[in-house]
Structure formats: C-alpha cells, structure tokens
Amino acid sequence: YSMSVAKLTLTIPDGKLKNFVNGQFSTADAYIDSENPATGEKIFELPDSSIAEVNAAVEAAKTAFPDWSKLPPAQRCKYMLKIADLIEENFETFAQAESQDQGKTLGFARTVDIPRAILNFRAFAVNTPDRTETSFCQPETNTINYSLRSAVGVVALISPWNLPLYLLSFKIAPALAAGCTVVAKPSEMTSWTAWLLANVMVTAGLPPGVCNIVFGRGPTTGMAILRNPAIRGVSFTGSTLTGGIVAKESAPFHRKLSLELGGKNAGIVFADANIDKCLQVIQRSSYANQGEVCLCTSRIFVQEDIFDSFVGKFVACVKKIVVGPPENSGSFYGALISQQHWDKVAGFVDLARKEGATILCGHTKESLPQMPEKNRNGYFMLPTVITGVGDESQLMQEEIFGPVVCVTSFKTEQEVIARANNVKYGLCASVWTENSGRVHRVARDLQVGTVWANCWLIRTLNMAFGGVKDSGVGREGVKHSFDFFTQEKTVCIQYD
C-alpha cells in the first residue's frame, strides 16, 4: 500500500459498472441505466444482479469470514484507515461522481457526503471497542462467569440514494471493524461512489471476499440477498415500506435487523426563540440536499403570537434560495433524484391546492430560473412553503422527501407535543426556545430518536442514532453499531 497510487478518475470502462465479488470485478447478465438527475441523461449502466451473482458474493463473504473475524482488531482497522486515506486522496473524484449521480450540489458532496464517509472509516477504526467483556463471580457455587463477543458472520448492508457513500460507509465501516464480512447493495439510482469505493478497497489490499458490492434493484438483487440463509444480519436504510419487506423476508431466518426508515420531522418554534438564528438553520433543515434527507424538517409548528411575522420572514428567506446546476457554487440545492420522485413530490403540492391550503411560494407559484441548455430536462423544483394544512392531511402525515414544507400555528406546549407526536414516524425533531426548562420537558416527551434544541444536524458518532415507531428498529453509532455487528456469549467455569 502506498499513497502514490494512480488517481481514480470519472472514467467508467465500457460505460458499465461491474460487481465487486471476492476481490474481483465481474460482469453481469443484465444491466440497467443510471442517469444524471440534473440533465436527465444516461451516464452509465450498472448490473441488475441475479440470484446466482448474489449467491457468489455471499459465498465469497462466507469463505472470507473465518480468517477476517480472527484477525486482531487493530489489523482490521489498519485496512480501514488505508481506505479512508485513499478516499481522501481521491476526494474530488468522489465528490464529482456523487453530485452527478445523485443531483446534489457539488458543494454539498464536498462538505457533507465525502468528508463524512472518510470520518466513518476513521472513527470506527479508532473508536471500535475491542475489550467489552464483562465478568461475574459466584462464590456460593465456586464459579466464575465471563463474556465473549464475536462477529455475527456475513451481513447484508443495503443503503439508499439520498446520501449514497455517506450512509453506505456508515454501515461498512463498523461491520468490518467488528469482524463481519459484507455483501453490500447500494441503491440502483446511486451506485457510482460504491463502485469507486470497491476500487479503493483493491488498492488498500483488503483481503478478497471481506467486502463484496453487488449492484441492482430491490425486487431482484435485494430480494436475492434477503432470501439467502447465510446472511446473519441486515442493516437497511431506506423507506418504511421497503423496511417492512426487509423485516418480513428476514423473519424466517431469525437474523439481526437494523432498520433506519422514514421520518416526518417537526420543527417547533416557541415565541421566545432566537428567530434570526432559527430562520437561518430551519431553512437549511427544510431544504438541504433538495429536502432529500431523512432528518429534514417537513412540518414547522410556530407559536401563534409570532406566527404571521415568522411566516413572512421565512418565506422571504426561502425565496432567496438558489436552485440550479449542481456544479454551480451559487446553487443551494440541485435536482431531485428522478422523474418518478419529482412527480411524487409535485403530487403533494397539487394535493395541497385541492385541499384548499395556501401555497405561499415555490412550485406552481413561481417559475424556475432559466437553466443552461444541458439542465433543461433536469428534475429541479423550487423550495415550497404551504400553510393552512390540517394535521390529518397526507401533507402532514406522509414523508414527502422533497423541498416542500408545511407551516402551522400552535398555542401551548402540551398541544404542540401531542400534535408533533401525531404521526406514525419518530425519527427526529428540532425545538427552538430560550427556556432551558422547556427544552428538557419537550425533548423528554417527543416520540423521536433524536431531538435538536436550537440547532440541527450536529452529530457525533459517540451517540445513538435511530428512530422509533415507523422510523425504524435499532441504533447506529460507535457503541451501538459494534453491539449490532457482534454477539455476546457467556462462559461459566466451576473451580474446586
């Protein structure tokens, strides 16, 4: 391994990604197109991997497991640090690929996606606990008990299209650190950076079969992975609907499950909030990455005393947001992932109009700015603010996952807690108030996995991440991911 390796480029040989199985790149029988959402044009083809191709990847992971799991943790982590260094060395290539593949701005890929992927490999390499055993003496029976932790085996890691390398690395890194071997499937809509990661793994000298990456759609490739009995754990991030399928298919195998699913996140603004700071952050929490982040705010509850003034200021801020080509430094966000997703998000705005809600700005209200010729067929949408929506409306109940936000008023603390909790989801919330007692009361009573007070998306891998209700099962983070990818055994010894 040397840091002077040939740089990765954006060139894809033959315009086709290849599966990465047992340390080798292999062709597939069937391929599907992947397009650039900002242009609507095809950029490459990727495998739609078959049962046989998936089974080969699982078999490679099974074969690699005994040696990899017995490797001292420090040696496993050396490979991970090499991978992190190589992503960093090829930083711009990864950022360009992520932006072109997903539609997000190049600025977002450079400041969020790729730095976080590097951090994931380094943080799990450095912080993964390798001495977590416990012991207990029972003098009355002359016995000593102690525990052992071992890797669960071959794990399936299935990641979504919104933060492709960020979320894939958030699973691969702890799995490898814990001693598991991996079969990973990125979203078929955003597979480019996973393929680049496979190239990095070859250069880093990762032993064959330790991490296998197969490409394809959920109903074909994903289902083949889930139906393979050798898979002992599944970590999935994606929609609640698909999460249900993952759970159902996994049930007969009694395997470990970690599901990070959808959200319908509330931002709660009390009358005593620092409004200037709140406006600055809440427009980012509403529209970052085109609103395609599971943690984005999509319902804003504003205390009635300040409702009118807040809405006026918020709409003024939102109208200044620049939507444009992802490579432009002035673009705040880029294009939605696909035509199908654009239609879904636009459908919610149409529904708002039918229900008699007020569209204050955005889609259907103003026209998109003039786009360069190459971006005329891109899936762009203006940031949209809607008021006058009832709590039971689909706009307040369903995950929209786009640049559409509903703003409503409330009177009391107890009322807004009940209304914020009145959804099937429970991923996160943000609370805006200068009253510290209120922060603690509201945070305690909100049915979510994470509460941010007077901030948003400040994260540390040392804290648990995950949701409640339909937002998922399990937690991720340094300690929690290690617990998920390992299992505990008790040994009891009697002495004379």
Side-chain angles (χ1 to χ4, degrees), residues 49 54 57-58 61 102 116-117 120 124 151-176 178 180-191 193-194 197 211-263 292-295 337 399 401 424-428 449-450 464-477 480-486:
S49 302
V54 165
V58 176
Q102 202 274 337
R116 176 56 191 274
N120 284 337
F124 283 106
V152 297
V154 179
V155 292
L157 310 178
I158 303 173
S159 57
W161 50 256
N162 60 327
L163 301 164
L165 190 66
Y166 175 142
L167 291 173
L168 184 63
S169 59
F170 191 31
K171 299 179 185 302
I172 290 177
L176 296 185
C180 294
T181 52
V182 167
V183 176
K185 189 195 91 66
S187 166
E188 71 275 16
M189 289 192 274
T190 51
S191 295
T193 48
L197 177 64
C211 185
N212 307 274
I213 302 175
V214 288
F215 302 104
R217 296 178 303 118
T220 47
T221 311
M223 201 61 88
I225 293 170
L226 294 174
R227 289 181 175 170
N228 190 305
I231 301 288
R232 295 314 310 145
V234 178
S235 180
F236 168 83
T237 298
S239 73
T240 294
L241 184 68
T242 307
I245 296 168
V246 171
K248 183 181 175 187
E249 292 294 331
S250 294
F253 302 108
H254 310 291
R255 56 170 71 115
K256 291 183 93 171
L257 275 187
S258 171
L259 305 174
E260 199 268 276
L261 309 176
E292 294 170 334
V293 180
C294 57
L295 300 166
I337 186 70
E399 183 174 46
F401 217 64
K424 64 185 178 183
Y425 299 104
L427 192 54
C428 74
T450 300
F465 174 72
V468 300
K469 301 194 287 190
D470 277 15
S471 289
V473 174
R475 293 291 180 268
E476 294 176 283
H480 300 81
S481 295
F482 183 74
D483 287 348
F484 176 75
F485 289 115
T486 58

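Bear in mind that the values here come from a model prediction, so they are computed numbers and not experimental data.
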Write down the atom of [X], the atom of [Y], and the distance for their closest heavy-atom approach.
{"X": "Ala156", "Y": "Ile225", "value": "CB-CG2, 3.4 Å"}
{"X": "Asn212", "Y": "Ala57", "value": "ND2-O, 3.5 Å"}
{"X": "Phe484", "Y": "Val152", "value": "O-CG1, 3.8 Å"}
{"X": "Ile213", "Y": "Ala194", "value": "CD1-O, 3.5 Å"}
{"X": "Glu292", "Y": "Asn162", "value": "O-CB, 3.0 Å"}
{"X": "Thr221", "Y": "Ser49", "value": "OG1-O, 2.9 Å"}

Could you give me the CA-CA distance, side-chain angles and deciding distance for Ile231 and Val155, then say whether side chain to side chain contact (heavy atoms under 4.5 Å, CB included) is met? CA-CA 5 Å; Ile231 301 288; Val155 292; 5.8 Å; no

Looking at [atom1] of [X] and [atom2] of [Y], how far apart are the two atoms once the value is rounded to the nearest 0.5 Å?
{"X": "Leu157", "Y": "Cys180", "atom1": "CG", "atom2": "SG", "value": "8.5 Å"}
{"X": "Leu261", "Y": "Glu399", "atom1": "CG", "atom2": "CD", "value": "9.5 Å"}
{"X": "Glu260", "Y": "Leu427", "atom1": "CD", "atom2": "CG", "value": "5.5 Å"}
{"X": "Glu476", "Y": "Asn120", "atom1": "CD", "atom2": "CG", "value": "9.5 Å"}
{"X": "Ser250", "Y": "Leu257", "atom1": "OG", "atom2": "CG", "value": "4.5 Å"}
{"X": "Ser187", "Y": "Ile337", "atom1": "OG", "atom2": "CD1", "value": "6.5 Å"}

Would Val473 and Ser258 count as a side chain to side chain contact (heavy atoms under 4.5 Å, CB included) if you check the C-alpha gap in whole Å, the side-chain angles of each, and the deciding distance to 0.1 Å? CA-CA 6 Å; Val473 174; Ser258 171; over 6 Å; no

Would you check if [X] and [Y] make a side-chain contact, meaning some heavy-atom pair closer than 4.5 Å?
{"X": "Leu165", "Y": "Thr190", "answer": "no"}
{"X": "Lys469", "Y": "Lys424", "answer": "no"}
{"X": "Pro186", "Y": "Phe215", "answer": "yes"}
{"X": "Pro160", "Y": "Leu167", "answer": "yes"}

Tell me whether the NZ or CZ atom of Arg475 lies within the 45° cone about the ring axis of Phe465 and under 6.0 Å from its centre. no

Looking just at side-chain N and O atoms, do Lys185 and Ser191 make a donor-acceptor pair shorter than 3.5 Å? no

Quick one: do Ser235 and Lys256 satisfy side chain to side chain donor-acceptor pair (under 3.5 Å)? Show the steps, please. CA-CA 8 Å; Ser235 180; Lys256 291 183 93 171; over 6 Å; no

Backbone N or O of [Y] within a donor-acceptor pair of the [X] side chain at under 3.5 Å?
{"X": "Thr242", "Y": "Ser239", "result": "no"}
{"X": "Arg255", "Y": "Leu226", "result": "yes"}
{"X": "Ser471", "Y": "Gly262", "result": "yes"}

Could you walk me through whether Lys171 and Phe236 pass the side chain to side chain contact (heavy atoms under 4.5 Å, CB included) check? CA-CA 9 Å; Lys171 299 179 185 302; Phe236 168 83; 5.8 Å; no

Step by step, work out the side chain to side chain contact (heavy atoms under 4.5 Å, CB included) result for Val182 and Leu176. CA-CA 8 Å; Val182 167; Leu176 296 185; 4.0 Å; yes

